[in-house]
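Just below is one structure, and these are the notes that go with it.
To find a chain, count down the sequence lines: A is the first, B the second, and so on, and within it residues start at 1. Just so it is clear, the model here is predicted, and its values are computed rather than measured.
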Protein chains: 2
Amino acid sequence: MVAVSGGARGPAHLVLTASVARRYYLDGRSKVEIAEEFALSRFKVARLLEDARTSGLVRIEIGHPGVIDVELSARLMETFGLLHCVVTDTPDDHPASLRGHLGAATAELLTELITPEDVLGLSWARSVSAMATALQRLAKVPVIQLTGALARPGVDDSSIELVRDVARVAGGPAYFFYAPMAVPDAATAQALRRQPEVAQAFSRIGSVTRAVAGVGAWAPEQSTLYDVTSEAERRDLARLGVAAEISGVLVDADGGPVASDLTERMIGITAEQMRAVPEVIAIVYGTAKVRAVLAAVRGGMVDTLVTHSTLAEALIRAARS
Amino acid sequence: MVAVSGGARGPAHLVLTASVARRYYLDGRSKVEIAEEFALSRFKVARLLEDARTSGLVRIEIGHPGVIDVELSARLMETFGLLHCVVTDTPDDHPASLRGHLGAATAELLTELITPEDVLGLSWARSVSAMATALQRLAKVPVIQLTGALARPGVDDSSIELVRDVARVAGGPAYFFYAPMAVPDAATAQALRRQPEVAQAFSRIGSVTRAVAGVGAWAPEQSTLYDVTSEAERRDLARLGVAAEISGVLVDADGGPVASDLTERMIGITAEQMRAVPEVIAIVYGTAKVRAVLAAVRGGMVDTLVTHSTLAEALIRAARS
DNA sequence: CAGGGCGCCGCTCATCTGAGCGCGCCCGTT
DNA sequence: AACGGGCGCGCTCAGATGAGCGGCGCCCTG
């Protein structure tokens, strides 16, 4: 004896339902047409289709063959009310390759999003460099450096050329400068800010319409800024509740800016300016950054995310709780 | 460099499309609602969804976990304009188990289809016996024997009890008789037809509303009738173009009845009577029977099919050409 | 620089569709 | 036999939807 039916209604009903579902979903006929064809009322057809969906006879899947997980991207976007979102399906066990994939994805996103009316701001981060490397085409827009660079020992700092490289691809003007992201005292910072190139760039921050940045967590290896900060300062800032660092801007768990001595010694975009940028695109990877991303998004610092599936899933889980 | 996008439109467009598709197909919102949510025109939403379907971003599948292939059943039903159709997904390398599965499927189908107003006719065939074995419940209807039986050497002929068994399950009257399907001469046949039980059963053939039968091909091992026919007769009938045998009724490739000496010597339903039965349910298996099924269906002898996937696929392929 | 072609967009209007309702049938109960 | 609950069915009517059309801007070409 073999259980043939799935529903309680019997095989003929099942096949009729499948037939109707096929006509409706696959052939795209209207319910009225189907009703006529099968000599049913259109209500009956509607109910059959309803059944077919709820019973799992008809399955609808969203997705496509490729690196980006569109379905997850859409869910992440909706969960946080982001402007855009790209989640790649890359394995996350190799940070460098991950960065490469996310950089490529961001480059494609930028190519698509940037129109000639935009003004592009770039933060200093390895992931942003990866984006620049992958970038092949861009509308002719001005490109503006948003922060000083942090020279990390042993890292090829050709990434200093970031803004110039991207501007070259775009064919637009580059507003860049050579300065560190943080200096030892506020006076030096002020002096640096008065430097012509720095001032030039800074004066245009207000006009930036789209920016690309990384997001750091306030922990070792999770933020370039953290890694160059003194032990005492790290503790102070941790006590102040720093949860995330976005392009040198520090925010607490609610996304509110955290002001400190360090703020005065930074060369770069301020929290208010960053929040004012219509679309800040953040490239983030590593599940250690869940809390940081939550903070940055809640604070309105970040408007779109480019990330990988494990982090995206962790974020969605975190948002539910 | 990684190709991230699938469509030519870029990742943001892709994700937007996925988002819209999710809202529409998964959350069941209306296009107007979605349009408002995403600040698009409802036309744009409709076009996105259209794209999503044609580009394969949204995939709709019909099917269900179980023995019967609903999708294929529906296709077979539509291809031949059948009243009903059940295709099982059983492996086809073991005729006896196949017959068991099809019998069970047919039993379920009958249980579903037969209403108290029906009159059920049964042909003599191993597959019909298998159906009877699996039958557990049936509306209270009269059950009528349509043909004499063919005693095959070495085969347990408890299947002679077929009609009685089914009638017992149904709880209705049984009209059965003990007679062979074919006799040596027309006179004997006529005499047999005058036997009270035979006449009783035959007089009710006209009132049969649903019948179950097998379909045989005119080849060795493909039809019980063929197997008991003399060599000369086989050749004669083959010359007359016999393509199928349904419950003792012989038809040519177009489904037209083939009259011959044999016709006179048969004890059972005639071609005209069979065509007059509103729904003849045929149980068929084995890819050797493609031509036979085509003939039977074209001739209007068979109205619904119970079969297995390989034969079903072969039939659909044959119908296309 | 002008003209023509093409693709995207949103409109109108007729048709389709969903939500909710009431009817009639079936079945088990009193 | 009468009653009552549950279920399947099809109605109404407002809102959703599709087909086809014309407008508009962009790009290519002459």
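- Sequence neighbours left out, not one pair with a member in residues 38-49 of chain B passes salt bridge (Lys or Arg N to Asp or Glu O under 4.0 Å).
- Contacts between residues 18-30 of chain B and DNA chain C, defined by a heavy-atom separation under 4.0 Å, are absent.
- You'll find the side chain of A/Leu48 reaches within 4.5 Å of the side chain of A/His13, heavy atoms only.
- Comparing A/Glu33 and A/Glu50 by the nucleotide of DNA chain C that holds the closest heavy atom to each, the one mapping nearer the 5' end is A/Glu33.
- The closest side-chain donor-acceptor pair between B/Thr209 and B/Asp118 falls under 3.5 angstrom.
- Looking at every heavy atom in both residues, A/Ile316 comes nearest to A/Phe80 through N-CE1, 4.5 Å.
- A donor-acceptor contact under 3.5 angstrom links the side chains of A/Ser19 and B/Glu78, judged on distance only.
- Following rounding to the nearest Å, B/Leu48 (CG) and C/dG7 (C1') show an atom-to-atom distance of 15 Å.
- A nucleotide of DNA chain D counts as in contact with chain A when one of its atoms lies under 4.0 Å from a heavy atom; the first and last such, 5' to 3', are D/dC9 to D/dC13.
- For B/Arg275, there are no side-chain hydrogen bond (donor to acceptor under 3.5 Å, both in side chains) partners two or more places apart in sequence or in a different chain.
- Looking only at side-chain heavy atoms (C-beta outward), A/Leu109 and A/Val306 come within less than 4.5 Å of each other.
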**Contact letters for nucleotides 21-28 of chain C, in which S counts primed atoms plus P, OP1 and OP2 and B counts the base, heavy atoms under 4.0 Å** = --------
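- Judged by distance alone, the side chains of A/Tyr25 and B/Arg53 never bring a donor and an acceptor atom under 3.5 Å apart.
- Within residues 35-43 of chain A, the residues that have a heavy atom under 4.0 Å from DNA chain C are, in order of number, A/Arg42, A/Phe43.
- Neither OP1 nor OP2 of C/dT17 sits under 4.0 Å from any side-chain N or O of A/Lys31.
- Residues B/Val284 and B/His308 approach most closely at O-CD2, 3.9 Å, considering heavy atoms.
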